[in-house]
Trainee: 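One structure coming up, written as structure tokens, with questions to follow.
Sequence lines set the chain letters: A, B, ... in the order given, protein chains first and strands last, and positions in each chain run from 1.
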Amino acid sequence: MLVFRDFRDDVARASNGSRLVIKPSDVEIDSKGFADYVIRVFRYRHEDWFGSWFSAFSEAVRSLDFIERCELSGDYINISISGKSLFSTIKQSMDTVGVFPETFQDPDRVVVEHTSANPTGPIHVGRIRNSIIGDSMARIMSRYGYRVSTQYFVNDSGKQVMALYEGHKRFFPDSEMTVDNLMKGYQKIYSEMESLGGEDAVLGPLLKRYEIPDTALIEEIRGVCTIVLNSIRNTLLKLNIKIDDFVFESGFLQGEEIARAFEMLEGSLRAEGAARYVDTPWGKKEFLVRSDGTKLYLARDLAYHLFKADHFDVIVDVLGEDHKDYAKSLKYILSDLIGVDKKIEFLIYSFISLEGSKLSTRQGNIITVEDLITRADQEARKIIAGKQGEYSVEAMENIAKVVATNSVRFNIVRVNPQKPMVFRWEDAMNTDGDSAPFIMYSYSRAFSIMEKTRPSQKLSLEFDSTEKGLLWNMYLYADFIKRSVDSKRPDLIAFYLLNLTKAFNDFYSRCQVNVDDDGVRGRRLEITSMYSRIVRDAAGLLGMNVLDRM
RNA sequence: GGGUCCGUGGCCUAGUUUGGAUAAGGCACCGUCCUUCUAAGUCGGUGAUCGGGGGUUCAAAUCCCCCCGGGCCCGCCA
């Protein structure tokens, strides 16, 4: 959890014992520019006691050392915090523990499962939203104070990967097992599945061997998956996405967990021939075992979740909206039928679609993430080449690389996961306005200021409204982290970064830092330094790096 | 067909959970500012029946109902 001085608590406390007790949650952060906090009092404003209540309340509030203003305006009580209090709150935290807001290590261990794409080909833009949201959410929860691990559940036991293995074996047995060659076999076996006798004839025997289990075969297929997985992992690393653990499905085929799952479900399991399923309250049959005795993905996934529940307190799964109903069933079976008492949460996101057409791995109608990164890198180089500054080749390449990575991540994470996205190159490449470079650029200017400004030991703590506005935005960082964690919305951090950047740009254009007055210079330099630390911190939550120069 | 999510200026996005002050940013377009710390920037302007219709309320982008449009799900695939 976060530890910081929340002024709302004190404001609310000022009403204790009075006719109208204000709760901290009644003290809202103003978004319309009237004040810092607002309390809505429409309901009480026309009561005969309201006048005397307000005068007592406002007097109590005004006597608090951090209050600059507290007044009634129509249906609202507008409250402002003094710049000095914001400044000292943030600075004190940074001076003592190095960051604002401070984190109190939460004992809860969290596992965020994300990506988990079938290792049957390179990752594409439709999938990458999962990885970007998942990685960002893991970083945000970690910043909040949880002990977070990320996991990728690797499907190395399903029909798709068997087709990957079988396709290569049948059609290109002599070619090297590269991602490209494996893909060729995969696509060929699916295109010829009918003439080969159908899925059951082609993959059925392999499925059977998994149940025996034929460990040599399982090892072999796992090896094939690993080849594709390594390329996916490399792509993800280019976007600063590092997954802590890759957990293989094959590890749950015969293990203790799957035995336990079936044991716990014994009373709930129903039969249809030799097949086994459970009923959900909403009338769906969820099958765990086929009539030929082989197990379905759900069985292995339940085992995997029991494994996660054994090691973690909170389980977060990042899933596409196509898995929404599946997730509901999974949670029902785990929590209500098996009795897992750990918190299980799903972060469901809508798909990224291509304009006019669908993303389909089978049809080869995809834009790979590698393509996206490469093109973003080229765009960034073009833009840099058009700038006036002098850049060495290495500097230029590094800036382009970071801008490209940040842009790809930012342009995807900034949209509410719930909202569908249509992929357009011009949006993905956006570097003006609400974009990653907009944020990065402001940071670089701040760095430049700190480099060029003569230090000052003096601090005059008279903040003007622009400085105050920036401080207020810095202070809101804590609130945004909390809201982002509570609502599982990494996009809120993106929104926060844009607001913070706008506040700094305002400060930059109105407040000259490098001035003769030692007190003013000291104060503004300190504000600039605090801003740069917060923006770097917040950008990090989205896996973005900021650059000293660009 | 049933379920579910989405629909906000020409385009993209925030605001919807918890109803309240002039619906907020960005792109594009028009104009402003480089002899003040980086112009990937700043300031200003044009532009919105908040998909449509009803309802609840003193008050609706926000809650309820119906309709329209789109995504996704409705496998003994994963």
Side-chain angles (χ1 to χ4, degrees), chain A residues 25-26 28 30-34 38 40-43 46 73-76 78 116-118 120 153 155 157-161 199 203 249 272-277 282-298 300-301 320-326 328 348 350-351 353 358 380 383-384 386-389 399 403 411 414-416 418-422 424 426-427 430-442 444-453 486-487 491-492 494-495 498-499 501-502 505-506 508-515 524-525 528 549-550:
Chain A
S25 59
D26 295 330
E28 299 175 50
D30 175 52
S31 57
K32 308 225 170 188
F34 290 97
V38 297
R40 290 191 265 227
V41 291
F42 175 84
R43 227 171 305 241
H46 301 292
S73 167
D75 299 337
Y76 303 84
N78 288 335
S116 300
N118 281 344
T120 51
F153 191 43
N155 164 20
S157 315
K159 286 183 176 178
Q160 277 84 348
V161 293
E199 222 174 65
L203 304 176
E249 242 184 82
E272 199 170 286
R276 294 288 179 276
Y277 67 92
W282 49 93
K284 195 165 183 315
K285 292 178 181 177
E286 293 289 0
F287 282 85
L288 282 82
V289 182
R290 297 184 183 91
S291 42
D292 66 1
T294 59
K295 294 185 192 72
L296 285 145
Y297 173 76
L298 175 60
R300 299 187 292 274
D301 202 20
E321 61 176 341
D322 56 337
H323 284 66
K324 196 167 183 174
D325 292 344
Y326 172 81
K328 193 178 167 191
I348 306 283
S350 283
F351 285 126
S353 57
K358 285 199 171 186
I383 291 167
I384 295 164
K387 299 294 170 199
Q388 294 195 325
I399 293 168
V403 165
N411 288 324
R414 72 192 200 91
V415 180
N416 183 337
Q418 196 171 52
K419 307 261 187 173
M421 285 184 83
V422 176
R424 290 189 191 87
E426 52 176 311
D427 294 341
N430 176 34
T431 57
D432 302 315
D434 289 353
S435 70
F438 174 73
I439 295 159
M440 298 169 69
Y441 190 67
S442 285
S444 298
R445 293 210 288 207
F447 183 85
S448 177
I449 288 173
M450 293 189 288
E451 225 180 14
K452 292 183 176 172
T453 305
D486 289 346
S487 58
D491 59 302
L492 296 180
F495 183 66
L498 291 173
N499 286 342
T501 299
K502 279 163 191 161
N505 285 348
D506 197 27
Y508 180 83
S509 63
R510 290 173 199 265
C511 305
Q512 177 76 16
V513 176
N514 198 3
V515 291
R524 290 183 174 167
L525 198 52
T528 305
R549 290 185 187 78
M550 66 180 286

Trainee: Closest approach to the side chain of A/Lys159, judged atom by atom: which nucleotide of B/U38, B/C12, B/C77 is it?
Mentor: B/C77

Trainee: If you check every side-chain atom of A/Leu296, which of B/C77, B/A40, B/C5 has the closest atom?
Mentor: B/C77

Trainee: Without decimals, in angstroms, what is the distance between A/Phe42 CZ and B/C58 C1'?
Mentor: 5 Å

Trainee: Tell me whether the OP1 or OP2 atom of B/A78 has a side-chain N or O from A/Asn118 closer than 4.0 Å.
Mentor: no

Trainee: Assess, by modelled atom type and distance only, whether the side chains of A/Asp301 and A/Tyr326 contain a donor and an acceptor separated by less than 3.5 Å.
Mentor: yes

Trainee: Pick the closest RNA chain B nucleotide for A/Ser509 and for A/Arg549 by heavy atoms, then say which residue is nearer the 5' end.
Mentor: A/Arg549

Trainee: Name the nucleic acid region contacted by A/Phe495, choosing base, sugar-phosphate or nothing; use a 4.0 angstrom heavy-atom cut-off, strictly under.
Mentor: sugar-phosphate

Trainee: Quick one: which of B/C37, B/A40, B/A21 gets closest to the side chain of A/Ile449?
Mentor: B/C37

Trainee: Side chains of A/Asn155 and A/Asn118: do they bring a donor and an acceptor to under 3.5 Å?
Mentor: yes

Trainee: Are A/Ser435 and A/Asn430 linked by a side-chain donor-acceptor pair shorter than 3.5 Å?
Mentor: no

Trainee: What interatomic distance, in whole Å, is found between P of B/G47 and the corresponding atom of B/G25?
Mentor: 16 Å

Trainee: Rounded to whole Å, how long is the line connecting atom CG of A/Asp322 with atom P of B/C74?
Mentor: 8 Å

Trainee: Pick base, sugar-phosphate or nothing for A/Phe34, based on heavy-atom distances below 4.0 Å to the nucleic acid.
Mentor: base

Trainee: Would you indicate what A/Phe447 reaches in the nucleic acid, counting non-hydrogen atoms under 4.0 angstrom: base, sugar-phosphate, or nothing?
Mentor: nothing

Trainee: Is there a side-chain contact between A/Tyr297 and the phosphate of B/A78, meaning an N or O under 4.0 Å from OP1 or OP2?
Mentor: no

Trainee: Respond yes when some side-chain nitrogen or oxygen of A/Arg445 is under 4.0 Å from OP1 or OP2 of B/A39, and no when none is.
Mentor: yes

Trainee: Between A/Tyr76 and B/A21, do the rings stack, that is, sit under 5.5 Å apart with planes less than 30° off each other?
Mentor: yes

Trainee: Is the backbone of A/Asp491 close enough, under 3.5 Å, to the side chain of A/Arg414 for a donor and an acceptor to pair up by distance?
Mentor: no

Trainee: Determine yes or no for a side-chain-to-main-chain donor-acceptor pair under 3.5 angstrom, with A/Ser448 supplying the side chain and A/Ser444 the backbone.
Mentor: no

Trainee: Base, sugar-phosphate alone, or nothing: which one does A/Tyr277 contact when heavy atoms must sit under 4.0 Å apart?
Mentor: nothing

Trainee: Starting at atom CD of A/Glu199, determine the distance to atom C1' of B/A78, rounded to an integer number of angstrom.
Mentor: 11 Å

Trainee: If we take the P atom in both B/A40 and B/A28, what is their distance in whole Å?
Mentor: 14 Å

Trainee: Under 4.0 Å, counting only non-hydrogen atoms across every strand here, what does A/Ser73 touch: a base, just sugar-phosphate, or nothing?
Mentor: base

Trainee: If you look at every strand shown and take non-hydrogen atoms under 4.0 Å, does A/Arg510 touch a base, only sugar-phosphate, or nothing?
Mentor: nothing

Trainee: Heavy atoms only, 4.0 Å cut-off, all strands: where does A/Asn416 land among base, sugar-phosphate and nothing?
Mentor: sugar-phosphate

Trainee: For the base of B/U16, is there a side-chain donor-acceptor partner from A/Lys419 under 3.5 Å away?
Mentor: yes

Trainee: NA contact type, A/Glu451, heavy-atom cut-off 4.0 Å: base, sugar-phosphate, or nothing?
Mentor: nothing

Trainee: With a 4.0 Å cut-off on heavy atoms, is A/Asn514 in touch with a base, just the backbone sugar-phosphate, or nothing at all?
Mentor: base

Trainee: Can you say whether a donor on the side chain of A/Asn78 sits under 3.5 Å from an acceptor on the base of B/A21, or the other way round?
Mentor: yes

Trainee: With a 4.0 Å cut-off on heavy atoms, is A/Gln418 in touch with a base, just the backbone sugar-phosphate, or nothing at all?
Mentor: sugar-phosphate

Trainee: Pick base, sugar-phosphate or nothing for A/Val161, based on heavy-atom distances below 4.0 Å to the nucleic acid.
Mentor: nothing

Trainee: Any chance you could measure A/Asp26, atom CG, to A/Arg40, atom CZ, to the nearest 0.5 Å?
Mentor: 9.5 Å

Trainee: Okay, side chain of A/Thr453, backbone of A/Met450: is any donor-acceptor separation there less than 3.5 Å?
Mentor: no

Trainee: Between B/A14 and B/C6, how far apart are the C1' atoms? Round to whole Å, please.
Mentor: 15 Å

Trainee: Distance check, P atoms only: B/C63 and B/C50, in whole angstrom units.
Mentor: 15 Å

Trainee: Between B/G15, B/A40, B/U38, which one does the side chain of A/Tyr508 approach most closely?
Mentor: B/U38

Trainee: Starting at OG of A/Ser350, measure out to CD of A/Gln418 and round the result to the nearest 0.5 Å.
Mentor: 7.0 Å

Trainee: On RNA chain B, check which nucleotide each of A/Ile383 and A/Lys285 is closest to and give me the residue with the more 5' one.
Mentor: A/Ile383

Trainee: Can you tell me, in whole Å, how much space there is between the P of B/U46 and that of B/G54?
Mentor: 31 Å

Trainee: Tell me the partner of B/C72, counting only Watson-Crick (N1-N3 plus N6-O4 or O6-N4) or G-U wobble (N1-O2 and O6-N3) with both under 3.5 Å; none if nothing fits.
Mentor: B/G3

Trainee: Check the distance between B/U38's C1' and A/Met450's CE and give it to me in whole angstrom.
Mentor: 13 Å

Trainee: Has the side chain of A/Ser291 got a donor or acceptor that lies under 3.5 Å from a partner of the other kind on the base of B/C76?
Mentor: yes

Trainee: CZ of A/Phe438 versus P of B/U13: gap in Å, rounded?
Mentor: 19 Å

Trainee: At 4.0 Å (heavy atoms only), tell me whether A/Arg43 reaches a base, stays on the sugar-phosphate, or touches nothing.
Mentor: nothing

Trainee: Counting side-chain heavy atoms from C-beta on, which of B/G41, B/C37, B/A78 comes nearest to A/Gln512?
Mentor: B/C37

Trainee: Roughly how many Å apart are B/A23 and B/U13, using the C1' atom of each and rounding to a whole number?
Mentor: 14 Å

Trainee: Of all the choices, B/C5, B/C76, B/A40, which nucleotide is nearest to the side chain of A/Lys387 once you look at every atom?
Mentor: B/A40

Trainee: Report which part of the nucleic acid A/Pro420 touches: base, sugar-phosphate, or nothing (heavy-atom distance under 4.0 Å, all strands).
Mentor: sugar-phosphate

Trainee: Which listed nucleotide (B/U42, B/C76, B/C37) is nearest to the side chain of A/Asn505?
Mentor: B/U42

Trainee: Once you round it to whole Å, what is the distance between P of B/C12 and CG of A/Asp491?
Mentor: 18 Å

Trainee: OP1, OP2 of B/U4 versus side-chain N and O of A/Lys324: anything below 4.0 Å?
Mentor: no

Trainee: Just how far, in rounded Å, is C1' of B/G41 from CG of A/Asp434?
Mentor: 14 Å

Trainee: With rounding to the closest Å, how many angstrom separate the C1' atoms on B/A24 and B/U8?
Mentor: 11 Å

Trainee: A/His323 NE2 to B/C77 P: how many Å, rounded?
Mentor: 14 Å

Trainee: Searching all strands shown, indicate the nucleotide that pairs with B/G44 (Watson-Crick or G-U wobble; both distances under 3.5 Å).
Mentor: B/C30

Trainee: Could you check whether any side-chain N or O of A/Arg290 sits under 3.5 Å from a backbone N or O of A/Leu296, counting only pairs where one atom can act as donor and the other as acceptor?
Mentor: no

Trainee: From the list B/A40, B/A21, B/C76, which nucleotide is the closest neighbour of the side chain of A/Ile399?
Mentor: B/A40

Trainee: If pairing requires Watson-Crick or G-U wobble contacts with both distances under 3.5 Å, which nucleotide is the partner of B/G20?
Mentor: B/C58

Trainee: When the P atoms of B/U16 and B/G51 are compared, how many Å lie between them, rounded to an integer?
Mentor: 15 Å

Trainee: For A/Met440, which contact category applies under a 4.0 Å heavy-atom criterion: base, sugar-phosphate, or nothing?
Mentor: nothing

Trainee: Indicate the atoms forming the closest heavy-atom contact of A/Ala274 with A/Ser291, along with that distance.
Mentor: CB-O, 3.3 Å

